[in-house]
Structures are given as C-alpha cells and as structure tokens.
Amino acid sequence: INQENTYCNYDYDNFSYDLEKNYPDIYKDLSEKYEADNKKYDLVSKARDFLETARTNIIGKYIGPIKAGFSKYYNILTHESADRYHIDANTHLTVEEEGMQREVHFFSSGYQDMIGICMRMSLVAAMYKEEKPFIIFDDPFINLDMDKTEGALQFLEEVSKEYQVIYFTCNDSRIRK
C-alpha cells in the first residue's frame, strides 16, 4: 500500500507539474477552486464537530434526568418498575417484551397514554429544575381501564404535590370522590 501511495503521489506531482507548465490558466483556476473547497471543507468539519459536541452535551445533561423522571412517574402511575423501558438519545422510547425491544405504538391506546404521560412529565421535570410550571391535563386517562384509572388518580395526587395541576375530565369515574 505504501508503495502504491508513493507511485500515486509521484504521478500526481508529475500531472500537476505538466498541467501548470502546459495549461497555466486552467491550473490557476483549479488551484483557486481547490483552495476555496478546502476552506469550505474545513468550515463544514468544524461545524460537524461543534454540533457533535453540542449533541453529546445535551444528551449528558438531559437523558439521565429524563430516564430517572420516566421511572419515577411510571412507578407512581403503575406501581411497577420501568426497567423494561429504553430511552435513546433522541428520547425515543421502546419497551422490552419477550426479549425484544418493541415500539410503544404496538400496545393498547391506554398503555400508550400512560407511557406518554410519564414521558411528558419526565421531560417537564428535566427541563424545569428550578421553576415549576403549571400542568394541564385534559382527560388524559380516557383510554385506561378501571384498574389503571385508580393508579392514574394516585398519579395526579403525587404530581400535584410538586406542580400546580389543572385537570379536566368528562367522566365522574376519573375523579376522586
């Protein structure tokens, strides 16, 4: 490989010399284009490195708290561990079922709603560490069965200890009496 590289460099040097000697205008134009393209390449490389660093910093800053928040809220809502769930760097959530990671959209609407609520609350908790925004829930438990609705109402009580909660529902079965 080194020998081939040496031959290529030699051929390039000879070609470059012949081009410069026999076609000076073309050589000048190509040299200027080469320099301009090299500057663009350097700029794009620096931008890529900067964006990769920013992505790594964001992942480091938010993914851990998002995972912890999801686990906390999932446990409150279901009284189960969230160990089966995986959140990637793009906050994409999958669940391990029968040894495979599965997309959440394959599960029931009620299950998707529970997971979605936990994920949104974990994002709120990760983004607002100092201040606590108010949270509006507009009948978020409509797709839950009666067993899960009880956990959902407990979830609302727990969330309301940290946040001001505005909760709308159109069914008396989804309120505490």
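Since this is a predicted model, take the numbers as computed values, not measurements. Index from 1, following the sequence.
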Residues passing the ring pair (Phe, Tyr, Trp, His ring centres under 6.0 Å) test with Phe137, sequence neighbours excluded, are none
Of all residues at least two apart in sequence or in a different chain, which pass the ring pair (Phe, Tyr, Trp, His ring centres under 6.0 Å) check with Phe107?
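Testing Phe107 for ring pair (Phe, Tyr, Trp, His ring centres under 6.0 Å), a comparison that skips the adjacent residues, returns Tyr111.
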Evaluate the side-chain proximity of [Y] to [X]: yes if any heavy-atom separation is below 4.5 Å, no if none is.
| X | Y | result |
| --- | --- | --- |
| Ile142 | Asn171 | no |
| Tyr167 | Pro140 | yes |
| Ile166 | Phe134 | yes |
| Met119 | Ile66 | yes |
| Phe70 | Thr91 | no |
| Thr94 | Glu103 | yes |

Heavy-atom count around [X] [atom1] within 6.0 Å, excluding the residue itself: above 12?
| X | atom1 | result |
| --- | --- | --- |
| Lys28 | NZ | no |
| Glu130 | CD | no |
| Lys129 | NZ | yes |

*Please assess Gln154 against Glu158 for the test side chain to side chain donor-acceptor pair (under 3.5 Å), listing each intermediate value before the final yes or no.*
CA-CA 6 Å; Gln154 177 65 34; Glu158 291 297 317; 3.1 Å; yes
Between atom [atom1] of [X] and atom [atom2] of [Y], what is the distance when rounded to the nearest 0.5 Å?
| X | Y | atom1 | atom2 | answer |
| --- | --- | --- | --- | --- |
| Ser31 | Ile26 | OG | CD1 | 11.5 Å |
| Asn38 | Leu43 | CG | CG | 12.0 Å |
| Lys33 | Leu30 | NZ | CG | 8.5 Å |
| His86 | His92 | NE2 | NE2 | 8.5 Å |
| Gln101 | Tyr85 | CD | OH | 10.5 Å |
| Ser160 | Ile135 | OG | CD1 | 11.0 Å |

Point to revise | CA sep, side-chain torsions, deciding dist, call: Cys170, Asp139, side chain to side chain contact (heavy atoms under 4.5 Å, CB included) | key: CA-CA 7 Å; Cys170 61; Asp139 221 350; 3.2 Å; yes
Grouping I, L, V, M, F, W and Y whenever their side-chain heavy atoms are under 4.5 Å apart, do [X] and [Y] come out in a common cluster?
| X | Y | answer |
| --- | --- | --- |
| Leu144 | Phe106 | no |
| Ile117 | Ile136 | no |
| Leu93 | Met127 | yes |

Review point. Sub-3.5 Å donor-acceptor pair from the side chain of Asp88 to the main-chain atoms of Asn90, do we have one?
Key: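 Answer holds: yes.
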Heavy-atom closest contact ([X] atom, [Y] atom, distance):
| X | Y | result |
| --- | --- | --- |
| Leu77 | Ala152 | CD1-CA, 3.3 Å |
| Glu97 | Arg84 | OE1-NH1, 3.3 Å |
| Tyr163 | Pro133 | CD2-O, 3.3 Å |
| Pro65 | Ala126 | CB-CB, 4.0 Å |

**Q.** Residues in salt bridge (charged side-chain N to carboxylate O under 4.0 Å, His left out) contact with Glu96, at least two apart in sequence or another chain
**A.**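 Partners of Glu96 under the salt bridge (charged side-chain N to carboxylate O under 4.0 Å, His left out) test: none.
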Assess the residue pair Asp145 and Lys148 against the criterion (side chain to side chain contact (heavy atoms under 4.5 Å, CB included)); give the C-alpha distance rounded to whole Å, side-chain angles, the decisive distance to 0.1 Å, and a yes or no.
CA-CA 5 Å; Asp145 58 30; Lys148 296 294 184 193; 3.2 Å; yes
Describe, in one word, how the ring planes of Phe141 and Phe155 are oriented to each other, choosing from parallel (under 30°), tilted (30 to 60°) and perpendicular (over 60°).
-> perpendicular
